[in-house]
Amino acid sequence: MSEDLFPIPADWAAHARMNQAARAADYRRSLDDGDAYWLEQAQRLDWITPPTRASDSSFDEADFGIQWFADGTLNVSANCLDRHLAERGDITAILWEPDDPSDAPRSLTYRELHAEVCRFANVLKDAGARRGDRITIYMPMIPEAAVALLACARIGAIHSVVFGGFSPEALAGRITDCDSSIVVTADEGRRGGKRVPLKANVDAALALDHCTSVRRVLVVRATGGAVAMQPGRDSWYDEAMAGVAPDCPAEVMKAEDPLFLLYTSGSTGKPKGVCHSSGGYLLWASLTHALCFDYRPGDVWWCAADVGWVTGHSYIVYGPLANGATTLMYEGLPSWPTPSRIWEVVDRHQVHTLFTAPTVLRALMKEGDHHVAKTSRASLQLLGSVGEPINPEAWRWYHGVAGEGRCPIIDTWWQTETGHCMVTTLPAVDKMRPGSCGRPLPGVEIEVVDEDGNPVEPGTNGLLTITRPWPGMLATLYGDDERFVETYFSKFGKDRYFVGDYAQLDPDGYLWVIGRADDVVKVSGHRLSTAEVESALVSHHSVAEAAVVGQPDEDTGQAIAAFVTIEDSAADVSRTELVEDLREHVAAKIGKLARPKRIVFTYDLPKTRSGKIMRRILRNLVEDKPLGDTSTLRDPSIVEHIAKKMKES
Ligand code: WTA
């Protein structure tokens with residue numbers, strides 16, 4: 001592991017809000033006197049009834065439960081909008097940069113966003129939405145996506161955003177799982193000069209037999225592209241907005257009322273509906289946005305994620321808006337029309353902080369430094385990374401080339417389930433180490449353990465765990481408390497949260513995340529389950545069996561490698577054709593993001609005598625690692641056969 005420490009840039013050190021000692025003391029207090037600490041932190045929010053209790057949460061076997069600020073009430077949209085109106089109403093809340101640089105940017109002040117959200121909340125009510133109802137949001141990156149989220153929060157409906165890159169079938173599964181009654185979408189999205197047929201995808205999803213819960217579809221006119229509207233079910237956003245009252249009081253919600261669901265991939269084929277509640281989530285969003293990114297009023301903040309992922313929820317919408325910040329929302333791709341685009345957007349909007357993913361950096365790095373050098377980037381002060389381990393080479397490029405050595409980098413480790421950043425260096429406080437995220441934030445206590453749950457020595461790889469509840473953690477998996485406990489609290493019992501990552505702590509307490517320890521892969525930072533891709537593959541008529549693993553990839557971090565046995569009936573089909581066919585099949589079942597990069601055809605898979613597929617062997621094969629014990633294989637010669645086929649694939 002890299003040993004070099006990067007110091008804090010001098011001008012940052014000069015305006016630091018705290019030093020190492022204060023950070024350590026703050027951390028200690030958050031653990032030793034957690035209730036007082038969190039009640040104090042809770043004052044960041046505007047409560048209707050301020051909470052008198054912080055945590056009623058416990059990872060103890062006997063009284064296991066997760067509850068934060070249980071007697072507090074608030075409304076999340078009022079926290080993100082109404083409370084800013086008096087003093088910051090005319091400040092830009094959302095700055096929108098279109099896909100095509102020749103189109104005009106848009107901006108909405110807090111007052112304008114508030115008005116839009118109130119109206120749309122009334123549209124939702126007119127469409128029959130009530131407190132607790134689930135509303136699916138399948139949107140491009142346009143301000144109306146944020147409006148839809150906040151309007152749900154205003155009336156106490158629970159939003160479930162589905163990333164616009166998911167296929168109709170994946171969308172239908174997510175609609176049905178939470179019994180969603182309303183879908184909010186747009187005619188089309190725009191990305192990299194191409195159109196994404198969102199409304200047509202919604203129509204296709206709702207035409208599937210099992211997808212029967214949706215009564216109303218609200219459609220934003222984003223591109224003006226032609227779409228079919230079903231009378232009685234579908235309405236245009238702009239027409240509906242014109243017909244409702246401008247005021248909408250914010251519902252009084254309990255801190256523990258669910259704010260949203262977000263489906264993410266786990267070890268099985270069925271995505272998990274990660275459920276976040278209102279108070280703890282918003283507090284953690286607001287606190288981490290201010291603390292980790294050292295946010296100060298006036299900074300233009302750009303989280304270049306998609307609102308379809310947790311990063312977009314927490315750091316495009318909730319965190320920055322709770323803090324009254326100006327949040328930039330970008331419709332397009334970082335390298336379109338040219339690899340300079342991301343930096344041109346920085347210059348155009350005078351961005352102070354950029355928060356993006358290693359996969360983006362690796363792609364830009366490959367294109368050459370001249371694309372960066374021709375832009376100014378003088379406004380940039382801070383750089384963030386999230387989603388997968390950042391390789392030291394990409395870190396150094398981000399720091400030295402993009403940030404010209406003057407911007408601290410914060411590498412934030414967290415998950416959909418944790419809600420927000422959990423481990424990171426703090427700018428102006430901690431020295432940085434390329435490839436390591438740094439130290440845990442207040443209230444976050446982590447331990448790296450062996451398979452039996454015993455802490456391992458610093459410098460030793462193990463499984464990352466979190467040993468106490470934190471505000472902002474998921475409350476449950478939607479409709480499946482049992483799976484919640486089984487997934488996160490069964491490997492080591494209930495006394496620690498099982499993260500699912502391999503990691504190590506170094507002697508300074510810095511965390512180095514190595515990657516997933518389960519059947520989850522991160523392709524370009526997108527989280528996918530191998531089981532999900534396997535079941536998509538086996539649903540193809542030519543496929544008999546499939547095993548999927550993540551293989552290291554210098555562009556996308558990991559890529560999907562699929563090992564497939566085919567039905568006799570497909571014996572004559574050309575392999576090249578079949579590869580394309582299978583890739584398209586997976587795209588139709590899940591989305592293009594899940595298409596296997598490599599498909600290896602084999603006559604059998606490595607199996608134990610009882611017929612269990614040994615994915616470990618496949619993982620070792622794609623990672624070029626020693627195979628380990630193959631003695632339990634039913635047919636040990638299969639390994640050699642697969643290795644040979646891999647060379648041909
Ligand atoms: C990985 C994304 C290394 C990790 C916010 C985690 C990271 C999974 C980092 C969650 C990081 C996220 N360094 N690995 N800075 N950030 N990960 O739910 O494996 O899409 O468990 O949340 O991404 O992915 P998710």
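Just follow the structure's listing: the first ligand is 1, and inside any ligand the first atom is 1.
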Asks: Check Asp519 with Arg619, please: is the shortest side-chain N to carboxylate O separation under 4.0 Å?
Replies: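 Here Arg619 pairs with Asp519 in a salt bridge, since their nearest N and O are under 4.0 Å apart.
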Asks: Using non-hydrogen atoms of the residue, decide whether Gly387 is closer than 4.0 angstrom to ligand 1.
Replies: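 Yes, that is the case, since the closest heavy atom of the residue is under 4.0 Å from the ligand.
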Asks: What I want to know is whether Asp411 and ligand 1 share at least one N or O pair that is separated by under 3.5 angstrom.
Replies: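 Right, the criterion is met.
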Asks: Can you find an N/O atom of Thr311 closer than 3.5 Å to an N/O atom of ligand 1?
Replies: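 No - when backbone and side-chain N and O of Thr311 are compared with those of ligand 1, no distance drops under 3.5 Å.
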Asks: Please determine whether a side-chain nitrogen of the Lys or Arg among Arg191 and Glu331 lies less than 4.0 Å from a carboxylate oxygen of the Asp or Glu.
Replies: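 Salt bridge: no.
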Asks: Should the proximity of Asp501 to ligand 1, defined as any heavy atom under 4.0 Å, be assigned to the side chain, the backbone, both, or neither?
Replies: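 Asp501 to ligand 1: side-chain contact only, backbone stays beyond 4.0 Å.
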Asks: What protein heavy atom is closest to atom 3 (C) of ligand 1, reported as residue, atom name and distance in Å?
Replies: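 Sorting protein heavy atoms by distance from atom 3 (C) of ligand 1 puts Pro389 N, 3.1 Å first.
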Asks: For ligand 1, which atoms, with element, lie under 4.0 Å from some heavy atom of Val386?
Replies: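 Contacts of ligand 1 toward Val386, numbered from 1: 5 (C).
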Asks: Between Phe489 and Phe498, is the ring centre distance below 6.0 Å?
Replies: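 Between Phe489 and Phe498, the centre distance exceeds or equals 6.0 Å.
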Asks: Would you check the N or O atoms of Thr264, main chain and side chain alike, for any that come under 3.5 Å of an N or O of ligand 1?
Replies: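 So ligand 1 has no N or O lying under 3.5 Å from an N or O of Thr264.
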Asks: With atom 12 (C) of ligand 1 as the reference point, say which of Trp512, Tyr315, Trp309, Trp414 has the nearest heavy atom.
Replies: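 Nearest option to atom 12 (C) of ligand 1, by heavy atoms: Trp414.
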Asks: Which atoms from ligand 1 have a heavy atom of Arg516 less than 4.0 Å away?
Replies: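 Taking each heavy atom of Arg516 in turn, ligand 1 has 6 (C), 19 (O), 21 (O) under 4.0 Å.
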Asks: Salt bridge or not for Lys522 and Glu388, using N-O below 4.0 Å?
Replies: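 Salt bridge between Lys522 and Glu388, a charged N being under 4.0 Å from a carboxylate O: no.
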Asks: May I ask you to say whether Glu417 pairs ionically with Lys272, meaning some side-chain N is under 4.0 Å from a carboxylate O?
Replies: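 Answer for the salt bridge query: yes.
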Asks: Yes or no on salt bridge (charged side-chain N to carboxylate O under 4.0 Å, His left out) for Arg362 and Asp555, after CA distance, side-chain angles and deciding distance?
Replies: CA-CA 6 Å; Arg362 285 191 299 265; Asp555 297 327; over 6 Å; no
Asks: List ligand 1 atoms under 4.0 Å from Val513, heavy atoms only on the residue side.
Replies: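 Within the 4.0 Å cut-off of Val513, ligand 1 contributes 3 (C), 14 (N).
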Asks: Just verifying a value: how many Å separate Leu354 CG and Leu382 CG, rounded to the nearest 0.5 Å?
Replies: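 The distance works out to 9.0 Å.
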Asks: So that I can tick it off, tell me whether Asp411 and Arg433 are bridged by a salt bridge, with the cut-off set at under 4.0 angstrom between side-chain N and carboxylate O.
Replies: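 Salt bridge absent between Arg433 and Asp411.
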Asks: Pairing donors with acceptors under 3.5 angstrom, does anything connect the side chains of Arg527 and Thr264?
Replies: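 Their side chains do contain a donor-acceptor pair, which is all the 3.5 Å distance test asks for.
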Asks: Any idea which part of Thr412 is under 4.0 Å from ligand 1, heavy-atom wise: side chain, backbone, both or neither?
Replies: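 Looking at Thr412 and ligand 1, just backbone atoms fall under 4.0 Å.
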Asks: Heavy-atom contacts under 4.0 Å between Lys522 and ligand 1: side chain, backbone, both, or neither?
Replies: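 Contact part for Lys522 vs ligand 1: side chain (C-beta onward).
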Asks: Numbering the atoms of ligand 1 from 1, which are under 4.0 Å from a heavy atom of Thr416?
Replies: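 Those of ligand 1 that fall under 4.0 Å from Thr416 are 18 (O), 20 (O), 22 (O), 25 (P).
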Asks: Can you tell me which portion of Gln415 lies within the under-4.0 Å heavy-atom range of ligand 1? Options are side chain, backbone, both, or neither.
Replies: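 The part of Gln415 near ligand 1 is both the backbone and the side chain.
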